[in-house]
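Each remark here refers to the structure printed beneath this line.
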Amino acid sequence: MNNTSYHCLSLLTSCKNLKTLKQIHASLVKIGLNSEPFIAGKLILHCAVTISDVLDYACRFFLHFPNPDVFMHNTLIRGFSESSTPQNSIFTFIDMRRKSMVPPDSFSFAFVLKAAANYGSLRAGIQLHCQALIHGLDIHLFVGTTLISMYGECGSVYFAKKAFEQMLEPNVVAWNAIVTACFRCGDVNGARKMFDMMPFTNSTSSNVMLAGFAKAGALELAKKMFWEMKVKDDVSWSTMIVGFAHNASFGEAFGYFRELQRVGLRPNEVSLTGVLSACAQAGAFEFGKIFHGYIEKSGFNWITAVNNALVDMYARCGNMEMARLVFESMPYKKSVVSWTSMIEGLAMHGYAEEAIQVFHEMEGSGIRPDWITFIAILYACSHAGLIEQGCSYFSKMKNVFNIEPKIEHYGCMVDLYGRAGYLQKAYDFVCQMPISPNAIIWRTLLGACSIHGNVELAEQVKERLSELEPNDSGDIVLLSNIYAVAGKWKDVATVRRSMTAQKIKKTPGWSMIEVDRTMYSFVAGEKSKKTTAEAYEKLKEIMLRLRVEGGYVPEVASVFHDVEEEEKEDSVFKHSEKLAVAFGISRLCKGRDIRIVKNLRICRDCHTVMKLISKVYGLKVVVRDRSRFHLFNDGSCSCKDYW
DNA sequence: GTAGGGTTAG
């Protein structure tokens, strides 16, 4: 290789964006080096892997290259395997087998199997396994390990174990892979068995177990193992903290975070994202701000993942100004997660237009939206009643971005039509879906029937739901409420009786509020706690003032059963968000916003009460319910009563 | 010149 080639190579490696890359490519063409296999390989490696989102360019270059070698094929296969269209990785592999004279090597299989795993296609995985067998590469150590992981990710623990058994000399990585595969397929006992049989011990293997237990929700097992571990590295601690956050054990997430510092370790970026996720879910705004301060001080604000967690935390704590500030001052390139978090945050707050604008900015910045971005944008449209725009994004996703809609996207579309009152259209849409609808899809439609009081359709939908998940308390309560609003008390009674007979309990509603850096939770109808008693006292006073000054009339139409008016009032009076807001008014300093997080959807009556409180008491109330944010200010809500 | 197992946000 001559000096010019070396010069071109070093230019390539330092190149960071498509514009410079195009310039280098042009000069390569000029001096005739673009057909040099080694240089061409490096060029394609750069487009397909190193610089993000220039895969199209890599592909075009590849297609025009006379006889691409195995390296170039592998690189393109690798680039597609991590993209939002892993199928293209498999197509490239097939093309290589059909058209090219170069046989695949162990790298080809490692990459293309990863694509099958990312695509979640067991069928493709098995066919590729056969191909590997034909080439005698199925027993290759790296290929074998990738086979195990692929089968695990495609949900077949049986094939994963088979692939493991066929390995000649499995090393520690292969053992860890089979344990992870068992966990991924929900085979916790299998994972434990394999772990006990392992001829190696290192801390990675134990961390595999911790992560597996935590993901399976077996926190007690994870804790037991964690405390028995002689060497706990920072991954062990981070794994526990993230595990707690995922399982809604927020107190323990914070506790372990403190403890890791107490034993003399420093928090790393993963443990920080863990505690931020706990803050985000619990709506712990004050805690979140403290962690933010720590992140700034200790220099973790350079890490994209940490910033993304901050954006999400602020958004879920109802502070979009701070979310935006973090988002806009991110030092490194924003990732697709950064953009999506921002879009979702805006959408949750009902700022649909802004969410759409950020989506366009994202397109302009060259970051390709992925399937979750589309969920966020469809959610924004459905919650703002932007039906035409929602439909156009849905088709754009398929036609422009080549992203195959998943069941979640179909769910958004059902919500889009249903919420806006096009119930028949929503129903037809469900019937024509190419994927068979799951319980969530039908439940979305049932929710729409509830909003628009369509009893007939609700009954049909509930029947479908009963086939899939017969004992879901939420569905039964929803149907009963639909009957109640329609005044069909006989049907309400029948539903209630069957619920009692089958011993189905209603999911208790809870609300949380942060006062003086302490989280207080309230449960509907609960009377035992001291804080609850305090809240009840204050609530009585508030309701009286709302009646006198705000002209409040209780909205009790959806109350569960046909009882006297006074009793109905009493029933909505007990809702946890009312207790939380009363507690906030009683404890928080004047002028402070009240922020509440609730696990279920806010009811119509509570919604009215919050609006009146914001007017009569002259304060801002922010309620994050199961599906979105409500910002109550001066007598109205940011959701414009559309939720 | 490219690869496999553990924790990272939406």
Tell me: CG of A/L43 to P of B/dG1, nearest whole Å?
-> 18 Å
N/O (side chain, A/K215) to phosphate O (OP1/OP2, B/dT7) under 4.0 Å = yes
Mind checking A/V337 for me? I need base, sugar-phosphate or nothing, with any heavy atom below 4.0 Å counting as a touch.
-> base
Sugar-phosphate, base or nothing in reach of A/L141, heavy atoms under 4.0 Å = base
A/Q281 CD to B/dA9 C1', straight-line distance once rounded to whole Å = 11 Å
What nucleotide among B/dA9, B/dT2, B/dG4 has an atom nearest to a side-chain atom of A/N74?
-> B/dT2
May I ask whether A/W339 stacks on the base of B/dG10, given the cut-offs of 5.5 Å between ring centres and 30° between planes?
-> no
Between B/dT7 (C1') and A/I303 (CD1): distance, integer Å | 13 Å
Any salt bridge (Lys or Arg N to Asp or Glu O under 4.0 Å) pairs touching residues 126-140 of chain A, not counting sequence neighbours?
-> none
For A/T75, answer base if it contacts any base atom (sugar-phosphate contacts may also be present), sugar-phosphate if it contacts only those atoms, and nothing otherwise; contact means non-hydrogen atoms under 4.0 Å.
-> nothing
Quick one: which of B/dT8, B/dG10, B/dG5 gets closest to the side chain of A/V270?
-> B/dT8
Please list, by residue number, the residues of residues 223-250 of chain A whose heavy atoms come closer than 4.0 Å to an atom of DNA chain B; answer none if no residue qualifies.
-> A/D233, A/V235, A/S238, A/T239, A/V242, A/H246
In terms of the angle between their ring planes, are A/Y410 and A/F394 parallel, tilted or perpendicular, with boundaries placed at 30° and 60°?
-> perpendicular
Residue A/F111, side-chain heavy atoms: nucleotide from B/dG4, B/dT7, B/dA3 that is nearest = B/dA3
State whether the distance check finds a donor on one side and an acceptor on the other, under 3.5 Å, for side chain A/D370 versus base B/dG10.
-> yes
Can you figure out which of B/dG10, B/dA3, B/dG5 approaches the side chain of A/H140 most closely?
-> B/dA3
Apply salt bridge (charged side-chain N to carboxylate O under 4.0 Å, His left out) to the pair A/E344 and A/R316, showing each step before the final yes or no.
-> CA-CA 10 Å; A/E344 204 205 347; A/R316 282 180 201 272; 3.4 Å; yes
Among B/dA9, B/dG5, B/dT7, which nucleotide sits nearest the side chain of A/A177?
-> B/dG5
Which of parallel (below 30°), tilted (30 to 60°) and perpendicular (above 60°) describes A/F254 and A/F291?
-> parallel
Quick one: label A/T180 by what it contacts on the DNA or RNA (base, sugar-phosphate, nothing), any heavy atom closer than 4.0 Å.
-> sugar-phosphate
Would you list the pairs meeting side chain to side chain donor-acceptor pair (under 3.5 Å) in which at least one residue belongs to residues 100-117 of chain A, sequence neighbours left out?
-> A/N74-A/D105, A/N74-A/S108, A/D105-A/S108
Please tell me which of the listed nucleotides, B/dG1, B/dA9, B/dT2, lies nearest to the side chain of A/R78?
-> B/dT2
Got a list of side-chain donor-acceptor pairs under 3.5 Å for residues 346-359 of chain A, not counting sequence neighbours?
unit_1	atom_1	unit_2	atom_2	d
A/H349	ND1	A/G345	O	2.8

From B/dA9, B/dG4, B/dA3, pick the nucleotide closest to the side chain of A/T145?
-> B/dG4
In whole angstroms, the gap separating P of B/dA9 from CG of A/N268 amounts to 13 Å
Just checking, is any N or O donor in the side chain of A/D370 or A/T373 under 3.5 Å from an acceptor N or O on the other one?
-> yes
With sequence neighbours left out, write down each residue that passes side-chain contact (heavy atoms from CB on, under 4.5 Å) with A/D234, or none if nothing qualifies.
-> A/N268
Presence of donor-acceptor pair under 3.5 Å, side chain of A/N171 and base of B/dG4 | yes
Go through residues 128-136 of chain A and report each residue with a non-hydrogen atom lying under 4.0 Å from DNA chain B, sorted by number.
-> none
Within residues 348-357 of chain A, the residues having a heavy atom closer than 4.0 Å to DNA chain B are none
Assign A/S205 to base, sugar-phosphate, or nothing according to its heavy-atom contacts below 4.0 angstrom with the strands shown.
-> nothing
Tell me yes or no: between the side chains of A/D415 and A/T444, is some donor less than 3.5 Å from an acceptor?
-> no
Give a yes or no on whether a donor-acceptor pair under 3.5 Å exists between the nucleobase atoms of B/dG10, that is its base, and the side chain of A/T340.
-> yes
Here the salt bridge (Lys or Arg N to Asp or Glu O under 4.0 Å) pairs for residues 261-275 of chain A, sequence neighbours left out, are A/E259-A/R262
Side-chain donor-acceptor pairs under 3.5 Å in residues 157-172 of chain A, sequence neighbours left out?
unit_1	atom_1	unit_2	atom_2	d
A/K161	NZ	A/D187	OD2	3.0
A/N171	OD1	A/V173	N	3.3
A/N171	OD1	A/A174	N	3.0

Sorted by chain and residue number, the side-chain contact (heavy atoms from CB on, under 4.5 Å) partners of A/S35 (sequence neighbours excluded) come out as none
Interatomic distance where CE belongs to A/M194 and C1' belongs to B/dG5 [whole Å] | 13 Å
Donor-acceptor pair present, A/S106 side chain and B/dA3 base, under 3.5 Å | yes
Provide, to the nearest angstrom, the distance between the NE2 atom belonging to A/H46 and the P atom belonging to B/dT2.
-> 13 Å
Nearest to side-chain heavy atoms of A/V173, which nucleotide of B/dG10, B/dG5, B/dT8 = B/dG5
B/dG4 base stacked by A/F142 (centroids within less than 5.5 Å, tilt under 30°) = yes
Interatomic distance, A/E344 CD vs B/dG10 C1' [rounded to whole Å] = 6 Å
With a non-hydrogen cut-off below 4.0 angstrom, is A/A211 in contact with a base, only sugar-phosphate, or nothing?
-> sugar-phosphate
Under the salt bridge (Lys or Arg N to Asp or Glu O under 4.0 Å) rule, what pairs show up with a residue in residues 188-199 of chain A, not counting sequence neighbours?
-> none
d(CZ, A/F38; P, B/dG1) in whole Å = 7 Å
Side-chain donor-acceptor distances from residues 209-224 of chain A under 3.5 Å, at least two apart:
unit_1	atom_1	unit_2	atom_2	d
A/E220	OE2	A/K223	NZ	3.3
A/K223	NZ	A/E252	OE2	2.7
A/K224	NZ	A/E228	OE2	3.3

Which of B/dG1, B/dG10, B/dA9 is nearest the side chain of A/S341? It is B/dG10
Please work out if A/V336 contacts a base, only the sugar-phosphate, or nothing of the nucleic acid, heavy-atom cut-off 4.0 Å.
-> base
